[in-house]
There are 2 protein chains.
Amino acid sequence: MGTKERKQREFAERERQFLDAAYELVSANGLLNLQVSKVAEKCEYAVGTLYQHFASKEDLLLALTTLQSQAHTEMFRRVAQWEARPRERMFAIAVADMIFVRNYPEHFRIAQYALCEVVWRAASAERRQDFLEAGRPIGEIVIGIVRDAVAAGDLALGGMSPEEVCTGLWALCNGIHNLVHAEGVLEDFAVGDSYLLMCRHVQAMLNGLGWQPLADPEDVRATDRLIQRITNEVFHDLCPAQ
Amino acid sequence: MGTKERKQREFAERERQFLDAAYELVSANGLLNLQVSKVAEKCEYAVGTLYQHFASKEDLLLALTTLQSQAHTEMFRRVAQWEARPRERMFAIAVADMIFVRNYPEHFRIAQYALCEVVWRAASAERRQDFLEAGRPIGEIVIGIVRDAVAAGDLALGGMSPEEVCTGLWALCNGIHNLVHAEGVLEDFAVGDSYLLMCRHVQAMLNGLGWQPLADPEDVRATDRLIQRITNEVFHDLCPAQ
DNA sequence: CTCCGATAATGAACCGGATTCAAAATTCGC
DNA sequence: GCGAATTTTGAATCCGGTTCATTATCGGAG
C-alpha cells in the first residue's frame, strides 16, 4: 500500500511547482507585483490549494528562499569534497557564489526581503527553522576550510576565531550582493563587475590574515584560468555551455 | 508677510512629527505591526493629513530611512573635519557607525526593508532621490580619507581605486549590520560584540591593503582608549553620559 | 468685526489582494 | 458501486492602505 507515499510525493512535487511558479513570476514582473492568486493560477490550482502548503504569502517567499539556499549549500558541499589546497578551496567558494548568483539572479533580492522582520515574522516557525538549517552547513564548510588553512600554517587569525573570520567573509560577500541587488543604490553597477570586486576584497581580507594570493593579483588572466579550472572540475553541470 | 514661511515651517515640522511617531511605533511594536492610521493617531491627526505628506506607507518608511541617514552623514562630516591622521580618521568612521547604531537601534532593520525592491519601488521618485542624495556624502568622505592615506603613503590599493576600496568597506560594514539585525539569523549574537567584530574585520581588510594598525590588535585596552578619545573629541554631544 | 474664497483637515467609504471556509469533488478501501 | 475521508474549490470575508467629498480653518478685504 504505497498510496500514502505517493500522496506525500505528489504533495511535495506540488509545493515545488508553486515555488517554481512564484520564482518565475518574480523574475517576470518583480517581487512588488507578485500575487498569491497568480501563483496558484499559473499552476492551475485554486488559491485554497496553495494555502494548504503555505501559511501565508510570506511563508511562500521564505520557503522559496530556503529552496534556493539549499542549492547554494549543495554547491558548497562539492567544494568541501574537492581535493585541493585550502586556499584553492576558499577561492572555489567564491566561484560557487558567482555561479550560484548567475543561476538564480533574483535570489538575493528575494532573500533580502524574506529576511526582513516584516516577512520573517509573518512566515511560519517551521519555515524559519528550515531556513536556518539550510544555511548552517554553509558556515560549517567555510569554517572547515579556514581551520584547514590554519592547520597547514598558511593563515594567521590574529586573535580571531575561525567562526569570526567566516562571519566577516560572509558579511563582506553578502554586503556586496546586497549592494549590487539593492534598488537604486548602485543602479549603474554591472553585476558581472561586482564579482571581480568581491573576489578582490576577499583577497584583500585574506591577505590581511596572512594568506598569500594564489596568483599575482595584477594578472587577470591567471585569475580567469583559475576560475575556469574550478568551473570545469567542480561545477561543470551547473554552467550553461558558453 | 511671513505667513507662507511659517506654513512651510509648520508643514516640515509636522512631517518630522509623523516620522518620529513612526519610529517610536516601530521601536515599540515592530515594523510588522506598523499601521499608517496609528501613526496619524499618535500625532493626533487624521490619516488624510498624513497622506498630504507621504504618497504611501512605503514613502513614509523611505523618508524615515533618509532622515536617519542624514544624521549618519552628519556624523561622518564631523570626522572629515576632525584634525587627525588618515588612519585615525578612518577609525573614527567606525566609531561614528557604532554610536549611530546605538542611537538609532532600529535604523538598519527599517533601512534593510525600505531598500528592498518592494518598498523602494512603492515610494515616490522624489523620496528615492532624497535618499540617494543623503547617502552620497558618506561615500565621498570615506573616499577622501582613503585618498589622503594613499597620498600620505601609508596605503597601497594594489590595483583598486579608492572608490572600490570604499565599496568593500561599506559592504563589509553593512553586511555585518544586516547580519546582526536580520531576524533569526544570528539570534544569540549581542549587538555590542558585533562592533568589536566589525572593527577587527575592517582592520584586517585595511591591513591587507598595507595599512598599519593604530595599536597592537591584541591590546583591547588600547582600542578602548582610542574609541574613548574619539568619542570625546568628536561625538561628545551624541553620547548619553554613562 | 464680518464675510468670503482659498487652503487644509477630516474620517467614512472605497478598494485590492490576502486569507478563510462551507460546499463540491475526488479518492480510497471495502 | 458505495460511503466515509480527504482534497479542492472559489466566492465571501477581512483588513488595512488609500481616496475624496465634506467640513473646518485661515488670512486678507471691506
Side-chain angles (χ1 to χ4, degrees), chain A residues 1-15 17-19 21-22 25-26 29-64 113-114 116-124 127, chain B residues 1-19 21-22 25-26 29-64 113-114 116 118-124 127:
Chain A
M1 199 232 284
T3 309
K4 199 165 196 174
E5 285 68 20
R6 198 202 65 229
K7 287 241 175 136
Q8 283 186 336
R9 197 176 55 244
E10 282 174 359
F11 190 82
E13 274 166 16
R14 194 164 59 214
E15 182 154 321
Q17 227 185 308
F18 283 132
L19 294 173
L25 287 172
V26 171
N29 313 323
L31 200 46
L32 183 58
N33 300 309
L34 184 70
Q35 284 172 231
V36 172
S37 57
K38 298 283 182 212
V39 176
E41 196 184 321
K42 191 164 211 262
C43 298
E44 300 177 291
Y45 283 105
V47 259
T49 306
L50 188 149
Y51 273 90
Q52 291 215 307
H53 293 261
F54 308 103
S56 63
K57 184 182 184 179
E58 287 80 11
D59 206 49
L60 184 151
L61 285 175
L62 185 56
L64 177 55
Y113 183 63
C116 285
E117 178 188 12
V118 173
V119 180
W120 177 263
R121 290 244 184 109
S124 67
R127 297 283 177 193
Chain B
M1 198 230 286
T3 309
K4 199 166 196 172
E5 285 68 19
R6 198 201 66 228
K7 288 245 174 131
Q8 283 186 336
R9 197 175 54 244
E10 283 173 358
F11 190 82
E13 274 166 16
R14 193 163 58 214
E15 181 155 323
R16 180 59 193 264
Q17 228 185 308
F18 283 133
L19 294 173
L25 286 173
V26 171
N29 314 322
L31 200 46
L32 181 58
N33 300 307
L34 185 70
Q35 283 173 232
V36 173
S37 55
K38 297 284 181 213
V39 177
E41 194 184 322
K42 191 165 211 267
C43 299
E44 300 177 289
Y45 282 105
V47 259
T49 305
L50 188 149
Y51 273 91
Q52 291 213 311
H53 294 261
F54 308 102
S56 62
K57 183 182 183 178
E58 287 80 9
D59 207 47
L60 184 151
L61 285 176
L62 185 56
L64 178 54
Y113 182 63
C116 285
V118 172
V119 179
W120 178 263
R121 290 244 184 108
S124 67
R127 297 283 178 192

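First the proteins, then the strands, lettered A, B, ... as listed; each starts at 1.
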(request) Only counting residues at least two apart or in another chain, list the ones meeting side chain to side chain donor-acceptor pair (under 3.5 Å) with A/Arg14. (result) A/His53
(message) B/Asn33: which residues meet the side chain to side chain contact (heavy atoms under 4.5 Å, CB included) condition with it, sequence neighbours left out?
(response) B/Asn29
(request) Could you state the atom-to-atom distance from CD of A/Glu41 to P of D/dT8 in whole Å? (result) 18 Å
(request) Under the side chain to side chain contact (heavy atoms under 4.5 Å, CB included) rule, collect the residues that match up with B/Ala55, sequence neighbours excluded. (result) B/Asp59, B/Ser124
(message) Tell me every residue that passes side chain to side chain contact (heavy atoms under 4.5 Å, CB included) with A/Ala46, counting only those two or more places apart in sequence or in another chain.
(response) A/Thr49
(message) Restricting to side chain to side chain contact (heavy atoms under 4.5 Å, CB included), what partner residues turn up for B/Gln35, sequence neighbours left out?
(response) B/Ser37, B/Lys38
(request) Could you run through nucleotides 4-18 of chain C and give me one letter per nucleotide, 5' to 3': B if any protein heavy atom sits under 4.0 Å from the base, S if only the sugar-phosphate is that close, - if neither? (result) ----SSBBB----SS
Show me the protein contacts with nucleotides 3-5 of chain D, counting only N or O atoms at under 3.5 Å.
none

(request) Measure from CG on A/Leu61 to P on C/dT19 and round the result to the nearest Å. (result) 10 Å
(request) Kindly compute the distance separating CD (A/Glu13) from CZ (A/Arg9), expressed to the nearest 0.5 Å. (result) 6.5 Å
(request) Sequence neighbours left out, what passes side chain to side chain donor-acceptor pair (under 3.5 Å) with A/Glu44? Give chain and number order. (result) none
(request) Starting at atom CZ of B/Phe54, determine the distance to atom P of D/dT19, rounded to an integer number of angstrom. (result) 15 Å
(message) A/Lys42: which residues meet the side chain to side chain donor-acceptor pair (under 3.5 Å) condition with it, sequence neighbours left out?
(response) A/Glu24
